[in-house]
Amino acid sequence: MSDTTGSSETGKSAVLLLAHGTPDMLGEMAEYLSKVTGGRAMPQEVVEELQHRYAQIGLQEAPGLEPPPLTKWTMTQAHMLEHVLGAGKVYVGMRNWHPYIADTVAEMRRDSVTRIKAVCLAPQNSRTSVGLYRKAVLAAATGIEVEFVAGWAESPLLAEAFAEKLWPVWAEACAESGQRVPVLFTAHSVPCRTIMTGEASVAGARPGTPAQDSPDPYPVEAKRTAQMVADRMAAVGFHEKDWYFAFQSQGISGGPWIGPTVEDTLKAIKAEGHVGVVMQPVGFLCDHVEILYDIDIAFRQTASELGLKLWRAESLNDSEVLVEALVDVVSGKYKATVDEVLVPA
């Protein structure tokens, strides 16, 4: 697809950034969770637990003066990318909340966009997340050409952006503790069945779910991003033995999710004689509940109970290097995993 960020004689192109979405106030939690689960109502105790977690990171009964962190930072990233590209509006669509992907694609249609370059703000490709974003975009984009970026986990600039945030906190942790402090890289866990093949891939899934004939790339890509960040840290004395990897935020309900878990990994780090740990999620590009609650509150408490001090690298949020990475993805300078389709009218 040529001319992905401007207009030409054959039509107008625009970038669409895709993110998970998050409720604007606590009373929307049940509706929000039903979007996440594809329409299945969650037990009241699950709704209340998530309300508790979101309340701990600032969500209130009424909308606040600014959007929740995920919405705020996603919009910030879009505005920064728009400014650097200098070629028209960069749109944002959320899979599970406002602005919904379908509504944003409708807006793009009203703006005479005929070609969409869709980029998932989840760099590692997975059926669980990226596959659902793709489905939502294609369902809304009738008659529009779509170039869907399914994976950019190995972007050098993405790794550089993470390393830029990791270096100062790792140096601080080592200086404060008087010894080398290990880094624990994380990515969001997914259900085991979503990465398996054959009959195992539909075990516990809803009736009619087709079996997968190939393994999901997500676990490999998540660990590859972590490896690339660690490689960039080598210049400041970071060693291969200085880091671990775990999957965080396993689902509250329903079937086994992939590991190792953060909890088990923290126990192993303690057993090896360490006094602290630096955590850096490499599957998330900005602050939201899986960072501000799961890491900053829940995992910090777990670490404390084990006798470990926990530091966390700052999220990318408004990182200029992240925006440079997105420019490379959008322009094609970085050869991402891309699926180009023309959606029939």
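We use all heavy atoms of the structure for the numbers below, so side chains are in, but hydrogens, waters and symmetry mates are not. Index from 1, following the sequence. As the structure is a computational prediction, the values presented were derived from the model and not from experiment.
Contact check for Ser177 versus Lys309: no side-chain heavy atoms found under the 4.5 Å cut-off. When side chains are defined from C-beta on, Gln227 counts as touching Trp243, because their heavy atoms get closer than 4.5 Å. In this structure the side chain of Lys223 never reaches within 4.5 angstrom of the side chain of Phe185, judged on heavy atoms. Side-chain contact between Tyr54 and Thr22 is present, with heavy atoms from C-beta onward closer than 4.5 Å. Contact of the Pro215 side chain with the Ile195 side chain is not registered, since no non-hydrogen atoms from C-beta on lie closer than 4.5 Å. A heavy-atom distance below 4.5 Å is not found between the side chains of Cys120 and Val149. Val36 has its side chain within reach of His20: a pair of non-hydrogen atoms, C-beta onward, lies under 4.5 Å apart. Contact annotation: the side chain of Glu45 never approaches that of Glu49 to less than 4.5 Å [non-hydrogen atoms, C-beta and beyond].
Between the side chain of Tyr218 and the backbone N or O of Ser129, no donor-acceptor pair lies under 3.5 Å. In terms of modelled atom types and a separation under 3.5 Å, the side chain of Lys12 and the main chain of Ser112 share no donor-acceptor contact. Using a distance-only test at 3.5 Å, with no hydrogens or angles considered, no donor-acceptor pair links the side chain of Arg109 to the main chain of Gly143. No donor-acceptor pair closer than 3.5 Å links the side chain of Glu263 to the backbone N or O of Thr302. In this structure a side-chain-to-backbone donor-acceptor pair under 3.5 Å is present from Gln250 to Ile258. Without hydrogens or angle criteria, Glu82 side chain to Val90 main chain gives a donor-acceptor distance under 3.5 Å. In this structure, the side chain of Glu160 does not engage the main chain of Ala325 through any donor-acceptor pair within 3.5 Å. For Thr74 (side chain) and Thr71 (main-chain N/O), no donor-acceptor pair under 3.5 Å exists by modelled atom type. Counting only distance, with no hydrogens or angles, the side chain of Asp287 and the backbone of Asn317 share no donor-acceptor pair below 3.5 Å. Judged by distance alone, with hydrogens and angles left aside, the side-chain atoms of Arg300 form a donor-acceptor pair with the main-chain N or O of Leu310 at under 3.5 Å.
Glu66 contributes atom CD, which lies 13.5 Å from atom CE of Met75 (distance to the nearest 0.5 angstrom). Expressed to the nearest 0.5 Å, how far SG of Cys286 lies from NZ of Lys72 amounts to 10.5 Å. We find the CD-CD distance between Glu154 and Gln124 to be 10.0 Å, quoted to the nearest 0.5 Å. The distance from the CG atom of Leu26 to the CD atom of Glu48 is 11.5 Å, given to the nearest 0.5 Å. Distance check, rounded to the nearest 0.5 Å: CG of Leu33 to CE of Met42 gives 6.0 Å. Atom-to-atom distance recorded for Asp339:CG and Arg134:CZ is 4.0 Å, nearest 0.5 angstrom.
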May I have the step-by-step check of side-chain contact (heavy atoms from CB on, under 4.5 Å) for Trp170 and Asp242, ending in yes or no?
CA-CA 11 Å; Trp170 183 66; Asp242 286 328; 4.1 Å; yes
Go through it in stages, so that I can follow the logic: the residues are Asp318 and Thr76, the test is side-chain hydrogen bond (donor to acceptor under 3.5 Å, both in side chains), and I'd like the CA-CA distance, side-chain angles, deciding distance and then a yes or no.
CA-CA 7 Å; Asp318 58 354; Thr76 296; over 6 Å; no
List the steps and the verdict of side-chain contact (heavy atoms from CB on, under 4.5 Å) for Phe299 and Gln248.
CA-CA 10 Å; Phe299 294 146; Gln248 68 167 86; 3.9 Å; yes
I would like to know whether Tyr100 and His98 meet side-chain contact (heavy atoms from CB on, under 4.5 Å); could you show each step before the answer?
CA-CA 5 Å; Tyr100 289 114; His98 309 283; 3.4 Å; yes
Kindly determine whether Leu326 and Leu121 satisfy side-chain contact (heavy atoms from CB on, under 4.5 Å), including the steps that lead there.
CA-CA 9 Å; Leu326 287 168; Leu121 294 177; 4.0 Å; yes
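Among the candidates Ile144, Thr114, Val113, the single residue satisfying the side-chain contact (heavy atoms from CB on, under 4.5 Å) test with Met108 is Val113.
Across every non-hydrogen atom of Ile297 and Leu292, the tightest pair is CG1-O, 3.7 Å. Nearest heavy atom pair, residue Val169 against residue Val278, reads CG1-CG1, 3.8 Å. Of all the heavy atoms in Pro281 and Ile295, the pair that sits closest is CG-CD1, 3.6 Å. Of all non-hydrogen atoms in Leu16 and Gly93, the two that sit nearest each other are CD1-N, 3.6 Å. Of all heavy-atom pairs spanning Ser315 and Ile291, the tightest one is OG-CD1, 3.5 Å. Taking every heavy atom of both residues into account, Pro23 and Pro68 meet most closely at O-CG, 3.2 Å.
No side-chain donor-acceptor contact under 3.5 Å links Glu28 and Gln51. Donor-acceptor pairing under 3.5 Å is lacking for the side chains of Asp216 and Thr194. When only modelled atom types and interatomic distance are considered, Ser249 and Asp294 share a side-chain donor-acceptor pair under 3.5 Å. No side-chain donor-acceptor contact under 3.5 Å links Trp152 and Asp328.
Taking the six-membered ring for Trp and thresholds of 30 and 60 degrees, Phe245 and Phe247 have ring planes more than 60 degrees apart, a perpendicular arrangement. Trp257 and His188 have tilted rings, their planes meeting at an angle from 30° to 60° on a 0 to 90° scale.
Note on Phe162 and Val321: separate hydrophobic clusters, where clusters join Ile, Leu, Val, Met, Phe, Trp and Tyr whose side-chain heavy atoms are under 4.5 Å apart, directly or indirectly. With hydrophobic clusters built from ILVMFWY side chains whose heavy atoms lie under 4.5 angstrom apart, Trp73 does not share a cluster with Leu18. Val275 and Leu308 fall into different hydrophobic clusters, where Ile, Leu, Val, Met, Phe, Trp and Tyr are joined by side-chain heavy atoms under 4.5 Å apart, directly or via other members. Under the 4.5 Å side-chain contact rule for hydrophobic residues, Leu132 and Met94 do not share a cluster. Hydrophobic cluster membership differs between Met80 and Leu157, with clusters built from Ile, Leu, Val, Met, Phe, Trp and Tyr side chains linked at under 4.5 angstrom.
Legend: residues meeting ring pair (Phe, Tyr, Trp, His ring centres under 6.0 Å) with Tyr244, ordered by chain and number and at least two apart, are absent.
Annotation for Glu176: atom CD counts as buried by contact number, over 12 foreign heavy atoms lying within 6.0 Å.
The pair Lys241-Glu272 does not meet the salt-bridge criterion, since no charged nitrogen lies less than 4.0 angstrom from a carboxylate oxygen.
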